[in-house]
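The first residue of the sequence shown is numbered 1, and numbering continues consecutively from there. Counting starts at 1 for both ligands and their atoms, in listed order.
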Amino acid sequence: MSDRPFLPFALPEIGEAEIAEVVDTLRSGWVTTGPKARRFEQDFAAFLGDASLEAVAVNSATAGLHLALEGLGIGPGDEVITTTHTFTATAEVVRYLGADVVLVDIDPATLNIDPARVEAAITPATRAIVPVHYAGLAAPMDEILAIARRHGLKVVEDAAHALPATHGGALVGTLGSDATVFSFYANKTITTGEGGMVVSRNADLVKRMKVMRLHGISRDAFDRFTSTAPAWAYEIVAPGFKYNLTDIAAALGIHQLKRAREFRETREAVARRYREAMAGLPVLAPPDAPDGETHAWHLYVLRLADDAGVARDRYIERLFALGIGVSVHYIPLHLHPYWRERYGLRAEQFPHSQHAYERMLSLPIYPKMGEADVDRVVHAVRHALVARD
Ligand SMILES: *Cc1c(COP(=O)(O)O)cnc(C)c1O
């Protein structure tokens, strides 16, 4: 066992500016959705640098994915194609709407959804594609958008890992899909504790999402009345949801967003150090972004080589014994009982995801890590490969 303190897999980096802004919110008397949520939305759209985009703040990326697909009209009888190699939130929202999920395999080089598999999975019932920018490396959006155009499909990007990442030199969020959804969960690249943001250029979709994120209350109706009537008047136009982001959370987001580029550079430096220090070991480093592109480095996913001499599960136990927190992203959806049984899935249908899953582990990668922490992980990775137990 290690006598040093346990190095967690993930830790948020919350500064004094975030804390002061939260305190200011608490003192202001306005703690739920209000001026700070609005400011966070405006700052977020400005961060993406595309004036045609609107940002809609929500209380999770899961909520954002649900709102986007709902607003695009996905419902019973429809099929939505996504990757098996993701977190269940990407797919569960499709089931909320009574539509069906069609899972496809990944490209073994990038671990992102394979466009050829997407195209092969299209049926007359297909309505949408939900690519995930796995680990912060942008999915092949040119190909996915081209497939969507050819077949008249909607595209909603799960960008929970991808702030900030680029594809074709443009930031994820500006690539031309119907909607892009970011997560500010505790371990994501910036955090509001819980939170998310949907961005879209589709004004009708944005309007629908704003109504549905707060109980189906029509702002138009509300605004029509507020000029002449007291503030109690409103109209319910649909059975909406409770997905609004609080100003307490937005206060964190406003300052986290200002640090998003600096955070990414720190994580990239960790990734670079890992790659260099682990060269020559029987491990496969994660793919880097193509030249000129930005990887968000939410995750650093290492894969054990077949000649590593240790199975993945045992290897993770050794790292924990050395005081290093690691994780696995992900147990593919096709292995979970709900998805497996609902769609009668078998691992052989997803050979690349299965192969990667059996060998992968995610190493700590976050701005709070010091050089000594990074060196400690490198040392443990080496040591756990040669350990005898
Ligand atoms: C974290 C995550 C989500 C869900 O984000 P929440 O903000 O926790 O709802 C969705 N998809 C992927 C790929 C994620 O990693």
Q: With ring pair (Phe, Tyr, Trp, His ring centres under 6.0 Å) as the test, would you mind laying out the steps for Phe263 and Tyr366 before giving the verdict?
A: CA-CA 8 Å; Phe263 286 170; Tyr366 45 95; over 10 Å; no

Protein N/O near ligand 1 N/O, under 3.5 Å, which pairs?
| unit_1 | atom_1 | unit_2 | atom_2 | d |
| --- | --- | --- | --- | --- |
| ligand 1 | 5 (O) | Ser183 | OG | 3.2 |
| ligand 1 | 7 (O) | Ala61 | N | 2.8 |
| ligand 1 | 7 (O) | Ser183 | OG | 2.7 |
| ligand 1 | 9 (O) | Ala61 | N | 3.2 |
| ligand 1 | 9 (O) | Thr62 | N | 2.9 |
| ligand 1 | 9 (O) | Thr62 | OG1 | 2.5 |
| ligand 1 | 11 (N) | Asp158 | OD1 | 3.4 |
| ligand 1 | 11 (N) | Asp158 | OD2 | 2.7 |
| ligand 1 | 15 (O) | His161 | NE2 | 2.7 |
| ligand 1 | 15 (O) | Lys188 | NZ | 3.1 |
| ligand 1 | 15 (O) | Tyr330 | OH | 3.0 |

(Q) Checking Tyr357 against Phe350 for the ring pair (Phe, Tyr, Trp, His ring centres under 6.0 Å) test, could you report, in this order, the C-alpha distance in whole Å, the side-chain angles of both residues, the deciding distance, and whether it holds? (A) CA-CA 11 Å; Tyr357 161 66; Phe350 309 93; over 10 Å; no

Q. Is there a donor-acceptor pair under 3.5 Å between the side chain of Asn202 and the backbone N or O of Leu205?
A. yes

(Q) Can you see whether Glu235 engages Ser218 through a side-chain donor-acceptor pair at a distance of less than 3.5 angstrom? (A) no

Q. Under 4.0 Å between a Lys/Arg side-chain N and an Asp/Glu carboxylate O for Glu13 and Arg259?
A. yes

Q: For Leu69 and Ala128, work out which heavy atoms get closest and say how close.
A: CD2-CB, 4.4 Å

